Amino acid sequence: MKKLMIADDSNIVRSKIARALGQHGLHIVGLAANGREALELFKSARPEVVTMDLTMPEMDGIECIRKIRALDPRVRILVVSALSDKATAIQALKEGAQGFLDKPFTEAELSDAIGELLEDSNHG
Amino acid sequence: MLGFDLGKYRTIVISIALFLVLDLGVLVLNFVISSEIDKDAVNINLAGRQRMLSQRMAKTALQVEARAVQSVPFEKEAEELQAAHSTFDSTLNAFIAGGATLSGAGSEIRIDRIDDAKAQAILGEARALWTPFSTQVRALGDKGTATPEAAATLARQAENVNLGLLKLMNDLTTRSEQLSSDKATTLRLVQVGGITLATVNFLIILFHFLRHLRESDRLVERAKRETDNILRTTQEGLFLLDDRFAIGSQHSRALGGIIGTEQLAEQDFLGILRPMVTQKTLDTTREYIELLFKPEIKEKLVGSLNPLSHVEIHQAHGAGETSTRYLQFGFNRVRDESRITHLLVTANDITRRVKLEQELKATEERARGQMGMLVEILQVDPSDMHRFLQAANEGLHHINGQLMDQSGGKTEQKINAIYRITHRLKGDAGALGLSILAEPFHELEEVLSGLRGRSNVSGEDFLPVTVQLKALFEQLETVGSAVNRIGQVRGVVTVEPPRPRVETAETPPRVVGLWQSFAMQIAERQQRKVELIYSGIDLERLAPVLQDSVNGIVTQFLRNSVVHGIESPAERRQRGKPEAGRIAVYVSQRDDGGADLSFRDDGQGLSIAKLRDAAVRAGKLTAEEAATLDQRRIVALIFEPGISTRETADEDAGRGAGLDVVKDMITTLGGTVRIGSTPGEYCHFRVSLPAQPEQLLAA
């Protein structure tokens, strides 16, 4: 069972992701409301999968992705953010996230995206 | 087996190996035969020398005889005779059995036995002739003296032997020449054979190659023809893009028309885009394409980031006229083994589609209006909704505070703070499915995006932010009041409410008679039997506005009950109920002058499944939404306009106008309604209406 951390500054989005992915067989090890929290939680819980919002207080998602990747280059990161600025999202992918999911999303979309994200991590 | 697979080169490798073996064989044979011929030449020479030596020995023997007769010593001649004898003897022996002898230059050489029966026969004869003479010569020695008789005998013998040996050595020469000539013939045969085989081998290789070349040419030709046909016919713009952004050498014919430029092959794709898109889009496109070439990025999870999924381009057509077109570019990875070599790019002109979508959206937006908002609100969990509205309200006030704040502080920080709040609220609204709020938040976010990263932002630049903020406050208020109204209706749609206290009825009010006859009429049309029992106050004790309302509400409830609630007499019998449906109405006056109404029938109750179907049929909900909506909210749907569980419409029901009117009446009066129902048993409405302002004024 893979360990999951959810980083999003919205409580509603956090619970939505948690509800959907808890059923998806992921073990939720951290819920972070900003980049700084996410980094702290990452260091202690060492999740293998992270969903990351980009616009967050304290430390934004891109900086957080950069720092997390520096700690563990094998972590799988799904950016879950509203598509107001494609360039920012692309920047996040350049920093080491592997996929992007546009907000708002349905549970099925989230589930598919996580499936795709984890697809070859089992044998890669 | 060889450790590697020769594959299609197998034939050529075998051919070349054969060629080398052949060549080597010819070379070796050539060398062997040539060296044999060389040896034969040496033999021929030596056989000639034997003739010469034989003659010299005969001549020297005659000289020895002459000296011996004159009694003169002949040491010099004897020595010469011995030397000639020795050379002849060793050469003859070498011819017969192989061995050493002296060369013409006086050095020692080794020669092989002459390996030929005829030559050996000649040599045998020569030895027979030579051996007695040789004995005589050896007997003479090199003293230089001999009796005249002995010398004469030697001389006669030498003359005889010389003639024999000359002939035999001549024969040997002829035989050796014959052998040598035979070998030369063999050598020629070997060479001709070798060259012939090599030529044949070469021709086979050539033939094989030409055949393969022709075959692969044919396949290439066919593939090219097919590709050309595809590229000529397809309506899409198609081309390959490499990691240096260069378009491939081929592209579909349609591409030129779509992009509006011919001469695209091998051009820089970004260069072609530059005049069509903004610098930002161009930069994003470059980065997006670079990402797609990175194997660790999930292709399927970045599709939504494609900056060229919707490109608006403006083209001038002289005379100041311009037209707008919309293009769509799609990117798919092309892999060779696991390496990403190219992107397959598809380009489409989606102008027609975009315009249609725009029209459709405008129509939808017009149609959606209030109803859309209500449906959206209905689908949100009330506690989520409450939390969100509170957060949104706080957020907007916070933004407002930031805008009013004149105390200085960095503008950039201010914009970022506002942006973050807006972004979060937009995300929340989206997550809750409230597009009515997500959209205005999105617009505010767009405005802020434009301000972010700008170095000089003046106060005037905040004007659009203020305008949008005001719009948001208004929208939030609209939603808030809708939520309140829905809340009143939805209230607590609960299990059975407590039964009202039964007060002894006063004389039944006049209006009750009307209700009874109204119920009978409907019952007759619907082939039902009903019985209406009233308990409670005389309605005339209520304020006139409430009297009218209660009357209106009860009639709608009656119609609803008889049509949807009360079963047919047969069905009721089966269920062990009396044939006539029983409807109990109770009205009481509240302490504040308002009224409470209880309306209960003992029919089949509300069917959640039927209501779901009805909502889907009316297009209020999608099948998915209907399936996930909770029971309480399904029940609340009976108050929505256009919802009816009846599939066909008649005078009394089926068009869905009925309970929505009741709800409007109640909400207009600021009242609430609760519903309780047990399927198969009963349905109970409890309405509470507060005292009305006119009433208060009148009082």
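All values derive from a computational prediction rather than experimental measurement. Numbered from 1 within each chain, the chains take letters A, B, ... in sequence-line order.
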- Heavy-atom contact with chain A under 4.5 Å, split by part of B/E445: side chain
- Are more than 12 heavy atoms from other residues, nucleotides or ligands located less than 6.0 Å from atom NE2 of B/H310? yes
- Message: Within the supplied structure, the quantity of interest is the number of heavy atoms (other residues, nucleotides, ligands) at a distance under 6.0 Å from B/E624 CD; does it exceed 12?
- Response: no
- Item | chain A interface, residue from B/G303, B/P307, B/A417, B/G427 that has the most non-hydrogen pairs under 4.5 Å | B/P307
- Message: Given heavy-atom pairs under 4.5 angstrom as the criterion, report whether the side chain, backbone, both or neither of B/L432 touches chain A.
- Response: side chain
- Note on the structure: Greatest number of non-hydrogen atom pairs under 4.5 angstrom with chain B, of A/L78, A/L93, A/D112, A/T106, falls to A/L93
- A/K94 versus B/L291, closest heavy-atom pair with distance: CG-CD2, 3.8 Å
- Is the shortest heavy-atom distance from the side chain of A/R76 to the side chain of B/E296 under 4.5 Å? no
- Query: Is the closest side-chain heavy-atom distance between B/K426 and A/K103 below 4.5 Å?
  - Reply: no
- Item | Approximate separation, where rounding is to 0.5 Å, of B/T628 OG1 and A/E107 CD | 9.5 Å
- Residue pair A/E116, B/K300: steps toward the salt bridge (charged side-chain N to carboxylate O under 4.0 Å, His left out) verdict: CA-CA 8 Å; A/E116 178 73 20; B/K300 283 186 198 159; 3.6 Å; yes
- Message: Let me confirm one number: the CG-CZ distance from B/L301 to A/F100, rounded to the nearest 0.5 Å.
- Response: 10.5 Å
- Are any of the side-chain heavy atoms of B/T284 and A/I90 separated by less than 4.5 Å? yes
- So which residues of residues 29-54 of chain A are in contact with chain B at a heavy-atom cut-off of under 4.5 Å? A/D53
- Message: Heavy-atom pairs under 4.5 Å with chain A - which of B/T281, B/I297, B/L305 has more of them than the others?
- Response: B/L305
- Query: What part of B/E446 is in contact with chain A, defined as an atom under 4.5 angstrom from a non-hydrogen atom: side chain, backbone, both or neither?
  - Reply: side chain
- Item | Side chain to side chain, A/S81 and B/H423, heavy atoms closer than 4.5 Å | yes
- To the nearest 0.5 angstrom, please state how far the CZ atom of B/R420 sits from the OG1 atom of A/T55. 9.0 Å
- Which pair of heavy atoms, one from A/V13 and one from B/A431, lies closest together, and at what distance? CG2-CB, 4.1 Å
- Query: Where the side chain of A/K86 meets the backbone of B/N306, is there a donor-acceptor pair that is under 3.5 Å apart?
  - Reply: yes
- Tell me yes or no: between the side chains of B/D428 and A/S10, is some donor less than 3.5 Å from an acceptor? yes
- Query: Is it the side chain or the backbone of A/K16 that comes within 4.5 Å of chain B heavy atoms, both, or neither?
  - Reply: side chain
